[in-house]
Amino acid sequence: MTSDLYREQLLDHYHNPNNYGVLEGADVDVEWDNPTCGDKIHLTAKLDAEGRVAEVMFEGHGCVVSMASSSMFTERVIGKTPEEVAAMSLDDIQEMLGGIRLSMGRVRCALLPLNALKRGMDAS
Amino acid sequence: MTSDLYREQLLDHYHNPNNYGVLEGADVDVEWDNPTCGDKIHLTAKLDAEGRVAEVMFEGHGCVVSMASSSMFTERVIGKTPEEVAAMSLDDIQEMLGGIRLSMGRVRCALLPLNALKRGMDAS
Amino acid sequence: MALDVQAIRQDFPIFQREVHGKRLVFLDSAASSQKPQAVIDAMTRIYTHSYANVHRGLYTLADEATTAYEDARGKLARFINAADTAEVILLRNATEGLNLVAYSWGEQNVGAGDRIIITEMEHHANLVPWQQLAQRQGAELAYIPVTEAGELDLDVLPGLLADGRTKVVACSLMSNVVGTLPPVTRVAEMAHAAGAIVVMDGAQAVPHQPVDVQTLGADFMAFSGHKMCGPGIGVLWGRRELLEAMPPFLYGGDMIRTVKKTYAQWNDLPHKFEAGTPPIAEVVGLGAAADYLSALGMDAIHAHEREMTAYALERLAEVDGLHVIGPGADRRGGVAAFWMEAAHPHDIASIVDAEGVCIRAGHHCAQPLHECFNLPATARASFYIYNDEADVDALIAALHKVNRLLQR
Amino acid sequence: MALDVQAIRQDFPIFQREVHGKRLVFLDSAASSQKPQAVIDAMTRIYTHSYANVHRGLYTLADEATTAYEDARGKLARFINAADTAEVILLRNATEGLNLVAYSWGEQNVGAGDRIIITEMEHHANLVPWQQLAQRQGAELAYIPVTEAGELDLDVLPGLLADGRTKVVACSLMSNVVGTLPPVTRVAEMAHAAGAIVVMDGAQAVPHQPVDVQTLGADFMAFSGHKMCGPGIGVLWGRRELLEAMPPFLYGGDMIRTVKKTYAQWNDLPHKFEAGTPPIAEVVGLGAAADYLSALGMDAIHAHEREMTAYALERLAEVDGLHVIGPGADRRGGVAAFWMEAAHPHDIASIVDAEGVCIRAGHHCAQPLHECFNLPATARASFYIYNDEADVDALIAALHKVNRLLQR
Ligand SMILES: Cc1ncc(COP(=O)(O)O)c(C=O)c1O
Ligand SMILES: Cc1ncc(COP(=O)(O)O)c(C=O)c1O
């Protein structure tokens, strides 16, 4: 389990995250954190005419799981409707991370970008 | 232990208590109970000129332990000063009852007359 | 499927001991039940294999302990058919659960001039918290009376509910003294129609019969692990909407989301109500107890106890000068409280103990109920999965001995 | 007498297991300690031999259980040198003990305009109850600051105490993060001179060093059984006069003397504060834990942990980019919290877990303290009787691996 978490693919995302930064003129702009461990994310997204996710960027700091999850998430959600985002679950995130089973202590880390986007889309 | 409690001597006191009744013109007149089990005693006593216990009677209802203890107690305390009564302890009562060791659930029953008299002498 | 009591007794190591050289006849499960080996083993296994503090650890041991702890919560949720595992709060005992509701929900929702309704047959755990809440808030405490037969007299309830001032009705699912099984679902319907919530004390019911919180009509229900083959812990179930609207009760670790120097934000359910380190192995043990009882079948357990109770009431009637209080066997759970003309309850308990028979004597934490019967105390025998007719026979023989010793 | 760690480890069955094929290196005893066989056996023995509900039973089993339960209370009283066994209240955890004081003593004695003083290094259990009490009562909550070195800055205390408005000072005997051992006796003297009472959080001290409540200067002290080789229960000690003057906290069975429909009278100490069925076997287990620790000797335990801590701080300094927070080894108990430039605390804990090393990551229920250091979270290693230098070596090797994986 532990070794799964620190295998090459996740470490690559952690050290060289995709879509790192802040979108100008974003439709969704949300900050979200896990106070238990201090993981923090600032997530911005643009939606297309039908409300689908068109572009996402994130900034933040946290553990390998939360940062790699955020990096991969910015690609995974492209094209999804708000309903599809709302329907995404831990299972989807675990599959996205390469089919790992997260320990209970790591679930919140992995869910950081999803929870942030759900919250941001609710508010927008 | 149980058999000790129900041996002839205690049962005799239970069935034929000594000094059962109420003293007229008593110096100490006190009612006392164990709400946990409903043991109840009405204890009356006369003191002599020096304040020693001269005569004691009791009335009440309760289990073999509380009633036999009360019956034996009315004789055991004769001649004691208030200080001597105040100094009496569970050990004295256990010895009075024939040297038995009471289980924790029975301690309050056995102490009923002593606690009543202590309280009554405090108040008088 | 009838219970195989001989096989069940093999599961409980304590039945290998004797008392005063006699076979152990344990008839005090209403106070606390014995524990099967499976429960003891589940706890030992945590301590010998997977112990660590829960919820905050990222290492394997902590993950195993947390998983075992939360799995047990899930088992308990299924045991009472809770719609949502987060509605199951793990506490010290049933008493703490009822206090939690009286403090947290009560102080927020019961004010001066409001009414709290309880019954005369409540255990002190479902009585004193409401009595003290009423005093603190200046509310009225009203009692549903108990009839001579030991049943609730529901005739007064419509009148009490009519003015809409009643905020809560608290009622036991089964009396721990007279064994009465009140018509709680009807009580709940009436209470809800009048805008009150319903708090049920399941301490004597959950261990002995199927309980489904989704059809029961309760808003809260508390019960005890130690009365259902588990260790000394308790459970509070409550409806999510109510639990979410309530302030926390105890404050500390695990129940917070964020703590700043000047304020704090609360964690999600169920953690909001579980401050500090919980009894981890004990919760796992209670999960194992739920498994054990479920495997026997709660319906089978209930049927077995009804049979035992009917047999016991029949045989108790043979004992000279003995009077059982409460309703007939068809209307009660597996307890029989009684008094004897010739003997104080203390003496009954002590004398039958010499024969290896364990029964309780006292007011059984139900003084107001005893006052209804004008008795300060009773003796009480109660039945569970490991009791059979031979246990009742041993009790009856011992009670005859009580009469021989003390009748005159 | 130095501890024989190899022999001690034999007493703890969990050390027979491996984690990820590696030797188990358990460095999280500050969260909860492992349990020796003697403690597990003491609990099993109750369940297999002498189990019954306590205090209210007259039969042999109940007497044996009650005697074992009350004997354990006596052991705990002696362990902290309480003058009076009735001053030892057995609760769910340390958190419940601190809440009990904040509710029962606090609501009676702290009013609008009064002041409560705590410190910035408190665990949430000794912080949130006071913060919420202050909010409920309209009182002021003041903090003794923590310096960069992780010590209390007592300079502010005379000023805070000067106006006589302070009713209570609450302080930990040892920080669970920085390990600091504050000068509590001096704090207590100052507080008492100003007319305040002193509540001490002994959760991290009582398991690790001799604690004598008669010389400590505390009016109340709470601690946890599960951090001192016992099961998941807690203890509150308080001075008799204060406990007697306080109203009960939880209401129900055992804590009453009489219950009438309209009022209730309370039982004597300690029962007044122990409502409902207690965790019987667990209390007996904690008594066995006190025996186990006493046999090792609390002075020897303390000395062992000082050595371990000094060695650990020395070796931690070798790890590139690692920073320990808190004072030097001579001024702290057996915990070391740290952060690493290259790794988030979560990742540190996960990566060292793969090497069999158990450490904790997070805010350790001390968010305000972490704010002092401007860190949201740290990793923490803590030491107990079963740890030795080889455990520290394993930690250091694993931390080098963290750097190898995550440094770039
Ligand atoms: C300093 C301190 N106080 C209080 C507590 C709370 O203890 P418990 O979780 O047993 O209530 C802890 C441990 O978590 C602690 O380290
Ligand atoms: C009906 C009823 N309610 C509540 C309780 C209290 O349970 P506990 O002591 O586990 O809190 C009991 C048992 O003592 C009971 O019989």
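What you see is a predicted model; the values in this text were computed from it and never measured. The sequence lines fix the lettering, A, B, ..., with proteins before strands; numbering per chain opens at 1.
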Can you name the closest pair of heavy atoms from [X] and [Y] and give their distance?
| X | Y | result |
| --- | --- | --- |
| Phe26(D) | Ala52(C) | CE1-CB, 4.5 Å |
| Val259(D) | Pro368(C) | O-CD, 3.8 Å |
| Gln34(D) | Tyr51(C) | NE2-O, 2.9 Å |
| Tyr263(C) | Gln131(D) | N-NE2, 3.1 Å |
| Tyr251(D) | Pro129(C) | O-CG, 3.6 Å |
| Arg360(D) | Asn53(C) | NH2-O, 3.4 Å |

Q.
Heavy-atom pairs under 4.5 Å with chain C: which of Phe15(D), Tyr143(D), Tyr103(D), Phe12(D) has the most?
A. Tyr143(D)
Q) Do you know which of Ala349(D), Ala31(D), Ser29(D) has the most heavy-atom pairs with chain C at a distance under 4.5 angstrom? A) Ala31(D)
Q.
So, taking the atom named CG in Leu91(C) and the one named CD in Glu96(D), what distance separates them when rounded to the nearest 0.5 Å?
A. 9.0 Å
Q) Going from NZ on Lys227(D) to OG1 on Thr277(C), what distance comes out if it is rounded to the nearest 0.5 angstrom? A) 5.0 Å
Can you find a heavy atom in the side chain of [X] that is under 4.5 Å from one in the side chain of [Y]?
| X | Y | value |
| --- | --- | --- |
| His124(C) | Met255(D) | no |
| Glu282(D) | Glu282(C) | yes |
| Asp28(C) | Leu61(D) | no |
| Val25(C) | Tyr59(D) | no |

Can you say whether [X] sits under 4.5 Å from chain C via the side chain, the backbone, both, or neither, judging by heavy atoms?
| X | answer |
| --- | --- |
| Ile280(D) | neither |
| Thr258(D) | both |
| Gln16(D) | neither |

Could you look at [X] and say if it's the side chain, the backbone, both or neither that has a heavy atom under 4.5 Å from chain D?
| X | answer |
| --- | --- |
| Leu24(C) | side chain |
| Phe249(C) | both |
| Ile359(C) | backbone |

Q) With a 4.0 Å cut-off, would you call Glu64(C) and Arg17(D) a salt bridge? A) yes
Q | Qualifying residues under side-chain contact (heavy atoms from CB on, under 4.5 Å), relative to Gln37(D), sequence neighbours excluded | A | Pro13(D), Ile40(D), Asp41(D)
